Amino acid sequence: MITNVDFIPQFRRRVLRWARKHGRCGLPWQEDRDPYRLWVAEIMLQQTQVQKVIPYYTRFIAAFPDIYRLAQCEDEVLYYWSGLGYYSRARMLYRSAQIIIQQYGGQLPQCPKKLQDLPGIGRSTAGALLASAFGKKGVILDGNVKRVLSRYHGVFGAPNQCVSLLWQYAEHYTPSRRAARYNQAMMDLGALCCTPRDPDCGHCPLRRDCFCRQNGLQQQLPEKAPPKKMPVRKAYMLIIRNTYGEILLIKRPPRGVWGSLWHFPETNENPEQYCRRTLHFTPSAIEFLPQLHHSFTHFRLEITPVYLSLPTQSFCRKIMECAPIYTAQDCIWYNLQRPHKVGMSAPVTAILKKLSQDET
DNA sequence: AAGACGGGGTC
DNA sequence: GACCCAGTCTT
């Protein structure tokens, strides 16, 4: 338990005063009170920095101005999410929209428990929404707040060991009134002053009592998880074009990497063999394109794009109808001139862009 | 408790 | 190339 509560008013006041002068302003969602738009913003901001989110958020809200529009088509949601990463967020956003419409008449629930029961909303996002959308005491604990609190209090230990204690600090410091302003102030402090590297301790409002500042340990906290080996995987991405020049894309399963996104057929085995044995056609031409590398959090992918031509139009239909691992619903012929509005990963987007450029 | 899950920026 | 980031869900 936390016993030393004497300095709480000062902590909070100092952070808020600092934020009035140095905090961010002008973010698209900052003055907004609309729960729907704030919800979208909070989901986008998970594991993603503000500067990356802003253009995506603007396009997304223009495409889906309300929750009923959002609930219409998952593929279109993933299209506007393409490039942001962590696509399960988009799928869960879409699923939550259905639930909110069915169970809550299209209004986001104001109850913390009901909020957290929605897919994609955990403890911190629920807290952020409670504060920003509903004016309640909502507590957040994201990377920024964790860094500020763990440095200020000198919280040592592996990240998942510290979480419980950090939540206790966060609960203690968060005011019951104007929690949203305090939350924003803490995130700004973490993002602009108490940065992961080279924190600007000279201008920090907490410099007088900060444990790490006093002991010169700013770089040590928060403690990092031990690095892990990054396995390397290899994949051929098959660029299969029909006689119209359209490109075969298949929908990935809803789980796993790039879940529910549209992709080139992918294999580890010899591409020509894969075409014959699994897709039941023999390409009339085959060309290996330069490799690309793609890094994930947990592994690294070496991609070899392979360019394959289909001999006649009848084979195009055959692929759609007969390839046993794909159903017609999971296949599209993608036209570079009239692109489908579906979700695609960064590598697929990059490859398609290059193909499009080469043709002009 | 640990692993899965993207992508881009920084140094 | 290694490290980092406005977390949540699954197992």
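Just so we're on the same page: letters track the sequence lines, and every chain starts at 1. None of these values were measured; they are calculated from a predicted model.
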Interatomic distance where NZ belongs to A/K52 and C1' belongs to B/dG7 [whole Å]: 6 Å

Evaluation steps, side chain to side chain contact (heavy atoms under 4.5 Å, CB included), between A/D142 and A/M187: CA-CA 8 Å; A/D142 55 28; A/M187 289 188 289; 3.0 Å; yes

Does C/dG7 have its OP1 or OP2 closer than 4.0 Å to a side-chain nitrogen or oxygen of A/Q46? no

P spacing across the pair B/dG6 / C/dT11, given as an integer number of angstrom: 15 Å

Are A/R178 and A/Y182 in a cation-pi setup, meaning NZ or CZ lies under 6.0 angstrom from the ring centre and within 45 degrees of the ring axis? no

Taking OP1 and OP2 of B/dG7, is either one under 4.0 Å from a side-chain nitrogen or oxygen of A/Y87? yes

Would you mind classifying the nucleic acid contact of A/M92 as base, sugar-phosphate or nothing, using non-hydrogen atoms under 4.0 angstrom? sugar-phosphate

Rounded distance (Å) that lies between atom P of B/dG6 and atom CG of A/L78: 11 Å

Expected output: side-chain A/D75 to main-chain A/V342 donor-acceptor under 3.5 Å: no

So what does A/R91 touch, heavy atoms closer than 4.0 Å: a base, only the sugar-phosphate, or nothing? nothing

Is the distance from OP1 or OP2 of B/dG7 to the nearest side-chain N or O of A/S295 less than 4.0 Å? no

Kindly say whether the aromatic ring centers of A/W333 and A/Y244 come within a distance under 6.0 Å. no

Would you say a side-chain N or O of A/R89 is under 4.0 Å from OP1 or OP2 of B/dG6? no

When all nucleic acid strands are considered with a 4.0 Å heavy-atom cut-off, which category describes A/G83: base, sugar-phosphate, or nothing? sugar-phosphate

If you assign A/F299 and A/R197 each to the DNA chain B nucleotide with the nearest heavy atom, which residue ends up on the more 5' nucleotide? A/F299

A/L84 CG to B/dC5 P, in whole Å, measures 18 Å

Counting heavy atoms from C-beta on, name the nucleotide in B/dG7, B/dG6, C/dA6 closest to the side chain of A/M187. C/dA6

Which of these nucleotides, B/dG7, C/dG7, C/dA6, is closest to any side-chain atom of A/S345? B/dG7

Of A/R255 and A/E42, whose closest DNA chain C nucleotide lies nearer the 5' terminus? A/E42

Nearest-Å distance for atom pair CD1/P, residues A/I303 and B/dG6: 13 Å

Remember a base hit wins even if backbone is also touched, and classify A/V50 as base, sugar-phosphate or nothing at under 4.0 Å, heavy atoms. base

Output the rounded distance in Å from CG (A/D198) to P (C/dC5). 13 Å

Would one find a side-chain N or O of A/R147 under 4.0 angstrom from OP1 or OP2 of C/dC4? no

Could you give the distance separating B/dT10 and C/dA6 at their P atoms, to the nearest angstrom? 14 Å

Between atom CE in A/M230 and atom C1' in B/dA4, what is the gap in whole Å? 13 Å

For A/L118, answer base if it contacts any base atom (sugar-phosphate contacts may also be present), sugar-phosphate if it contacts only those atoms, and nothing otherwise; contact means non-hydrogen atoms under 4.0 Å. sugar-phosphate

Hey, is the side chain of A/W29 poking within less than 4.0 Å of OP1 or OP2 on C/dA6, counting only N and O atoms? no

Would you confirm whether the ring centroid of A/W81 sits within less than 6.0 angstrom of the ring centroid of A/Y86? no

Give one of base, sugar-phosphate or nothing for A/T297, where a contact means two heavy atoms less than 4.0 Å apart. base

Round to a whole Å and report the spacing from CG of A/L292 to P of B/dG8. 13 Å

Side chain of A/R300, heavy atoms from C-beta onward: which of C/dG1, C/dG7, C/dC4 has the nearest atom to it? C/dG1

Taking the nucleotide of DNA chain C with the closest heavy atom to each, which residue, A/K224 or A/W167, is nearer the 5' end? A/K224

Sugar-phosphate, base or nothing in reach of A/I140, heavy atoms under 4.0 Å: nothing

Are the ring centres of A/Y173 and A/H153 closer than 6.0 Å? yes

Candidate nucleotides B/dG7, C/dA6, C/dG7, ranked by approach to the side chain of A/Q47 - the nearest: C/dG7

One pair to check against side chain to side chain contact (heavy atoms under 4.5 Å, CB included): A/I240 and A/L279. What are the steps and the verdict? CA-CA 11 Å; A/I240 300 171; A/L279 302 181; 3.7 Å; yes

Atom-to-atom span, CD of A/Q161 to P of B/dA2 - whole angstrom: 7 Å

Could you tell me if the ring centre of A/Y152 sits under 6.0 Å from that of A/Y169? no

Of the options C/dT8, B/dG7, B/dC5, whose atoms approach the side-chain atoms of A/V257 most closely? B/dC5

Between A/H294 and B/dG7, does any side-chain N or O lie under 4.0 Å from OP1 or OP2? yes

With a non-hydrogen cut-off below 4.0 angstrom, is A/R123 in contact with a base, only sugar-phosphate, or nothing? sugar-phosphate

Between A/H298 and B/dG3, is there a side-chain N or O to OP1/OP2 distance below 4.0 Å? no

